[in-house]
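The structure appears right after this line, and notes come after that.
Computed from a predicted structure; not experimentally measured. So you know, we letter chains A, B, ... as the sequences are listed, proteins then strands, and number each from 1.
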Amino acid sequence: MRARARATPRLPAVAALLALAAASGALAQAPEPAPLAEARALAEGGDAAAAEARYLAILDQGPAELAAPALLGLARVRLAAEDLSAARNAAERLVAQHPAAPETAEGRLVLAEILAAEAADEAGLAAARDAFTAAGAAAPAGAGWTLEAAVRAAELDLLLGETDRAAAALLAVVDLEPPSAWQARAHRALADLLLARGQWQAAADLLAGPQAAAGRYPASAAPELAALGRRAALIHRLRVRPAAGGSPWTAGSTVPGLALRRPAGVAASDDGALAVVDNGPDLALVWRDGQVVARRELRRMGRPFWAGGAPRVPSDDAVVRLDTGQQATATSSNVPVRRVHAGAAGPTGVHLIVAQPLRAAAFGDDLRLSRGVFGAPQGEPEDLAYLPSVGLFVLDAKGRRVLRFPAGGGTEETVASGLDRPRALAVDLLGDVYVLERGGRIRVFAPDGAPLAALGPELPGGARLDDPEDLAVDGSGRLYLADPKQTGVIVVE
Amino acid sequence: MPMPSLPSPRSAPPPSAARLAAALALVAGLAAAPVRAQEPEPVVVEGIEVLPADEIEVSDLPSHDVEELQALFDEALAVFRSVDQADSAELFGALIERLSEPAEDGEEARRRLLALSHAYRAEVRFNLGDREAAADDLRAALRAVPAFELDASLVSPKLAELFATVRDEVTGTLALTVEPADAVVLLDGERAAGLVAAGPVRLLAGARLLEARRPGFAPFVEELELAPGAAEIREIALERTSATLRLVTDAPGAEVLVDGRPVGVTAPLAAPGGAAEVAEETAGPAELLVEGLALGEHRIEVRKEGFRPHAGALLVEELTDYRIGPLALEPTGGTVVLAGLPAGAEIRVDGQVRQAAEVEPGRPALDLPVGPHRLTVDRGTLGGFVADFELADREVLELPVALRPKLCLLDVLGGDLDAAERVRVALAGAFADRSEWLFTDPYEDARPLLDRLSLTATGLRAAAAASAIAGVADWPDVQRQADASLSCSAYAVGVLSDDLYASEATLWVWAAAPGPVRPEPVAVRLSDPASFAEAAARFARRPPLTTAWLGADLLYLPGGEGAVVRAVTPGGPAAKAGLAPGDVLAGLDATWRGRSGEAPRTVRIGSGETSRDVQVEPGRSPLMLEPDRFADPGEGLFLPAVAAWWAIAAEDAGESDPAAAPWVVGLNRAAGEMSAGDWRNAVRTLRGLRAPDRPGLGRGAIDYWLGVALLAVDPAAYRDEARAAFERAAAAPAARLHHDDGPEVAPRARLRLRGLDGR
C-alpha cells in the first residue's frame, strides 16, 4: 500500500479541504512553522478570507522557505471557496516557481481538482482524470493525499462510463487501505456502481465492512459513513423488506412543519433535504433538518432538482441555485432556447428539458447546450433523472414510457412502457424507476423494467393523494410528493 | 585316622583331597579311606561352621603358605607310608614346628594339619615304643582340635587306649540344650551354635565361659569349670522378659522409631558366610531387631530420606517375637502433567533431558522427586517454556505448557561499544519485565552466522536510508541459516545510529521460517528507557486467528436502528437460531460488530410489541486480518512478532482446530506482507498455502489475494496469472474474504476481472 491517507472527502467541500491541509501538515517531520499553523487554524475555523490574507502575508513578507507551503494553502483555501481562477493562480505559481518543493506535487492535485470543477464536457473530465492520475503517480512516498488522487480519478472514470477501470481502482482502495474518509468514499462510489448495476447484494456486502468497523474510522469520515448507512437503509427498504414479504413503505404523512399553499414540485437530495416549489406564492424553498434554510421568490418555475450537491430550480429560461441565488440562463449557439421545464445532474453541468424546442439535452456548467439527448417528434420529454455511471432517464409523456440513455454513450433502452398519463419521474440509487401517473398513482420498476411496486392514491397509514404533480426519492428510499391540493409535501416512509 | 573330614581347598585338586583321606585312613589303620571325606557335609568344630569345600569362596582360602605346608605334610605322609616310616617323625616334627609359628591366616587348616601331624607322629612314636612321646603328640593333637577322634576300630587297640586316656586328661564333654532353640550360644565369647546341635560336645577342659542369649529373654551366663574327662550336662531355659520386633525393609537405611523414639536403622541382612561384603550394600533387604517391647500398643514408624514413611501400630498382646515387613520403601515423588505439551518438544528437568510418558491420551506427564524443579521445554523456532515449581509427595501438578516465542538479539552493530552494551542491557531489562517472550542474546553462538552474512552497520544504515533493506542481504538465506544454527522464533540485529557517539539504535527484526523473511525496524533511543519498553511491547500483541461466526449477512441501519439480516448461511448459527432474512436485530451489540463474541448472544428481533429475544450460539471462523490493520497505529501489529505468535497458535491448534490451521496463519502472514508492500513475498506465501475447499474463508480468498498481489508486483508481467487467480476466485460462490461472514469473494473477483479487461 502506498497511500496512508488521513484525508476526508470533498463533501462537504470545506471540511474535506481542511482535513487535507491537516494531512499535509502531518506529513512534515518538523513541527509546522507558526505562520503556517496560524493560517491553517483560520481555514479550519471557517474564516477563509482571514486564512487567505494570512497566506498572502507570508508570501509577501517571507520567510522564503514558507512560500511553497503558503501557496499550497492559498490554493486549497480558494478552491474550498470555489474561487477557481484564484485557486488556479496560486497552484500554478506554486508549480512554476517551486518545481522541486515537496508541496508542488500536491499543488498538481489542486490543479486537477480545478480542472474537474471546470470541465465542460467529457474531454474536460478525461483531462482532469488524467491530471489526478499523474499527480498521484508523482506523489512523494508517504504522501497523505495519494488516496484522494486515486479515488477522484476513479470517480471521474465513473462519470466517463469507464466503470470497469473505476471499479478496479476503487476496489484496490477498499481491499487494502486503512479506514479513512477517502477510503469510505471509495466504498460509497463502488457501492453506488454495484447498486446501479442491480448487484444490491454485493453492494450491501461492501457497505457492511465499514459499518461493522465504524469505530476504526476518524471523525472526519462521519459524513461518508452516514451516506453508507443511507444506502443500507435503501437496500433494506427496497430489496430486503419486500423479499421478506413486507412493503417498502409503511406510512404516508405530511412533512411536519413545512406549510405550503400549492406545492407543485419537489426534489430530494440523498440525505433527505428537499427543494420545493410552491406555486401559491411563487416561492421556491430549501428544507433541511426540519427547517427552511433558503427561500427565493421566482416566476414561471419548473421542477426543482439537485445537481452537484446543490438545490436548483428552473425559472423561465434560467436555472437558479437556491442556496446561493446564482442564476444562469440556458443558451445555445444554434437554436434559441426558451423556458426550462425540468432538470437533472449531468457528468458536467446539468441535463435540462426545455420547452422550446421541446427537448431533453445536456448543458455545460455555463448552461450552454452541448448535446441534444431526446426530443420531439420522437416523443415528448416530461421529466428526467440522472444516475452517475448508469445514465440519463427520460420520461416520455407522449410515448408513455421511460427511456434510459447510458452513460458514456450507446443506444437508449426502454425501461418502462404502457404508462397511464405519466407526470413525473424519479430514480433511486438502485436504478429503480418511480413514475407518477395521473390521479396519484405511483408505479415502481426495477432496472430491468420489471414492476416492483405500486402505490397510491391510498397511502399506507390512511393518507390519500389527490392529484400530485411531482415526486422525488431520497437516498434512503423515502418518497416525496408535491400535490397542489394539499398544504404540504407528502412523505412516504 | 579318625579325623573329622577336612575340607579341601578349592585351589587344591581333588586328588590332593583323596590323598589326604587315604593318608588319614592309613593312619587309622584302614586300607581304604571312607568316602566320608568326599561328602560335603559341614562339620562343626567348637561351634564354628565349616562349609563344604565347594562352598568356600576363593578369598576364604588359606594362603599359599598353607599350600606349602600341605605339600610338606604330603611329603611327610609319603615317607610315613614307606618302609622308612620312622623318618617321617622328623618331617612331621619340622612341620609341627612351622605350624606352631604365629600365622595370619588359615587358622583352621593349620590347626587341622597340626592335629594330623601330631597324630601321625604319635603313631610313629608309638610304633617306635616311645609311649610318652606318643601321648604328648596326642595331647597336642587334641589341644589343636578338641573334637579330634581316633576310631578305635581302625588303629591298634593300645594306641586307641592311649588316645582315650590322653583325651580324658585334656578334654571333657558338654551336652547342652537351650530353650528357645534359636538362642545364640556363646563359648568364651564366641558363637558356638554346634554346642546345642549334636549331643555332647568335646571341649578342652578348663574354665569356660558359657553364655546363651536371645532377644526378649534374660541372658544365661555361667563360668563353667570343665574338669578333664568330665561330662557336663546343661539344660538352659531362657526366661522371656519382653517382646521383640523384627522389622524388615526392602532396602537398608530406614530409621525406625518406636513410640516416637529412634531405635535404630535397618541394616542389610547378613548373608551366610559373607558378612563383610554385604555391609557395604545399599540395596536389598535389611532389618532391624527391636528388643524390649513391653505389652501394649506401640507406634512404629519407619522413615528414610527421599522415601515415603510407613507408620502403624503394633499391639503386643503377649511377650513373643513379632515381625513386620518386608516393608517396601517407595521413593517419594509427584507427577507433573504437561498440559498442552507440543509434539516434538525437548523437555529438560533440572538440566536433564527427560521423556514425558502419557498417563492418559493427550496428557503427557513426568514422575519427579519431591522438591523444587525447573522445567524447560524447547520447541525449536516455535519457542520455549520455562517453569519453576515445587512438587510435594504424591502431588499431581497440572502445568499448562504455553510456548513463548524466543527473541534472539544476534548483535548490536556499530563502533560505539558502550552504546551497544547499553542497548543490549536495556533490551534484556525491557523483556524481563514482560512474560510473553523469552529474550536471549546468544552473541557468541551468533558470531559465525553474522560473519558469514557480512551484515555491517554501515551497510544496514545505508540500506535503511534508501528504503532498500530487502537488498542488503539475501534475507531468505539469513532466515534459513539463523533457524538452522540458533533456532529462535525471531531474530534481531541492532544497528547503532553512529559509530562514535550513538544516541539511537534500530533493531532489524525478522521471524523464523515460515514467518516473513523481510526484516522490520524497531527504533530505540538510548536516553529513553521508555522506548525500550515500547519496543518490547510491540512484540506482545497477539492478534487472534479466529473470530465469531454468525452465519448471517447483515445490513447495518443508520441511526442505531440495529441491523437487518440480509441473508442467512444454511446450517450456520443464525439459521439454527431461527433468524431469517428481513429480521431486524435490534439488540445487536458492539461485540458482534467487533466480531469477538464467543459466548451465546441474545439478539432482539423486530421492534416494539412484536419483538422477541433469540439466543444465538456463535460459531467460530478462521480470520484473516484486513491488510490495512497492520498499518493501523491503533492495532500496533508487528509482523515478525505476530508471525511467531501465530506459528505457536497453529501448533497449538494442530488438526483439532481447523479454524487456526497453518493456511490461516499463512494467509495472515500474507496480509502483513501485503501491508508492508512486500508483494513478492506475499505472492510466495499465498502460492504456498494449501487451504481446504470450504465455504467462507478459504481457497477462494487465497486466489483473490494472489491475484491482487500479482498485479501489485507487475501488472504487465503477471496479468495472465492474476486473471487466472481471479477467475478461480470468481468461480467460488461460497467463498468469503477475511472470515466466514466476510464479504463475498466472487463479486469482487468479477470486478477485478472486468478491471483487467478495462485497462
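- If you tally non-hydrogen atom pairs under 4.5 Å between each of Gly245(A), Ala167(A), Ala232(A) and chain B, the highest count goes to Ala232(A).
- Summarising the geometry of Leu554(B) relative to Ala208(A), their closest heavy-atom pair is O-CB, 3.6 Å, with the distance given to 0.1 Å.
- Contacts of Ala243(A) with chain B are absent, with no heavy-atom separation under 4.5 Å from either backbone or side chain.
- There is no contact between Leu228(A) and chain B, counting heavy-atom distances below 4.5 Å.
- Residue Arg230(A) touches chain B through its backbone alone, counting heavy-atom pairs closer than 4.5 Å.
- At least one side-chain heavy atom of Trp705(B) sits less than 4.5 Å from a side-chain heavy atom of Leu176(A).
- Taking both residues in full, the closest heavy atoms of Pro627(B) and Asp175(A) are given as CD-O, 3.9 Å, listed atom of the first, atom of the second, then distance.
- Of all non-hydrogen atoms in Pro747(B) and Ala202(A), the two that sit nearest each other are CB-CB, 3.8 Å.
- Interface remark: Leu194(A) contributes side-chain atoms only to the contact with chain B (heavy atom separation under 4.5 Å).
- A 6.0 Å sphere centred on OH of Tyr217(A) holds more than 12 heavy atoms belonging to other residues, nucleotides or ligands.
- Among the candidates Ala172(A), Gly246(A), Ser476(A), the residue making the largest number of heavy-atom pairs closer than 4.5 Å to chain B is Ala172(A).
- Only the side chain of Arg216(A) comes within contact range of chain B, with heavy atoms under 4.5 Å apart.
- A salt bridge between Arg750(B) and Asp164(A) is absent, with no side-chain N of the basic residue lying under 4.0 Å from a carboxylate O of the acidic one.
- Between Arg752(B) atom CZ and Leu171(A) atom CG the span is 4.5 Å, to the nearest 0.5 Å.
- Of the two parts of Tyr704(B), only the side chain, counted from C-beta on, holds a non-hydrogen atom closer than 4.5 Å to a non-hydrogen atom of chain A.
- Summarising the geometry, atom CD belonging to Gln201(A) is positioned 9.5 Å from atom CG belonging to Leu555(B); distances are rounded to the nearest 0.5 Å.
- A 4.5 Å side-chain heavy-atom check between Leu206(A) and Pro743(B) finds every atom pair outside the cut-off.
- Using a 4.5 Å cut-off between heavy atoms, Pro581(B) touches chain A through its backbone atoms (N, CA, C, O) alone.
- Proximity to chain B is absent for every atom of Ala226(A), based on heavy atoms less than 4.5 angstrom apart.
- Of the inter-residue distances, the one linking Leu170(A) atom CG with Leu751(B) atom CG reads 9.5 Å to the nearest 0.5 angstrom.
- Residue contact with chain B, scored on non-hydrogen atoms closer than 4.5 Å, is absent for Arg237(A).
- In this structure, chain A has heavy atoms under 4.5 Å from both the backbone and the side chain of Pro558(B).
- The two residues Leu557(B) and His236(A) have their closest heavy-atom pair at CD2-ND1, 3.7 Å.
- With salt bridges taken as basic N to acidic carboxylate O contacts below 4.0 Å, none links Arg748(B) and Asp205(A).
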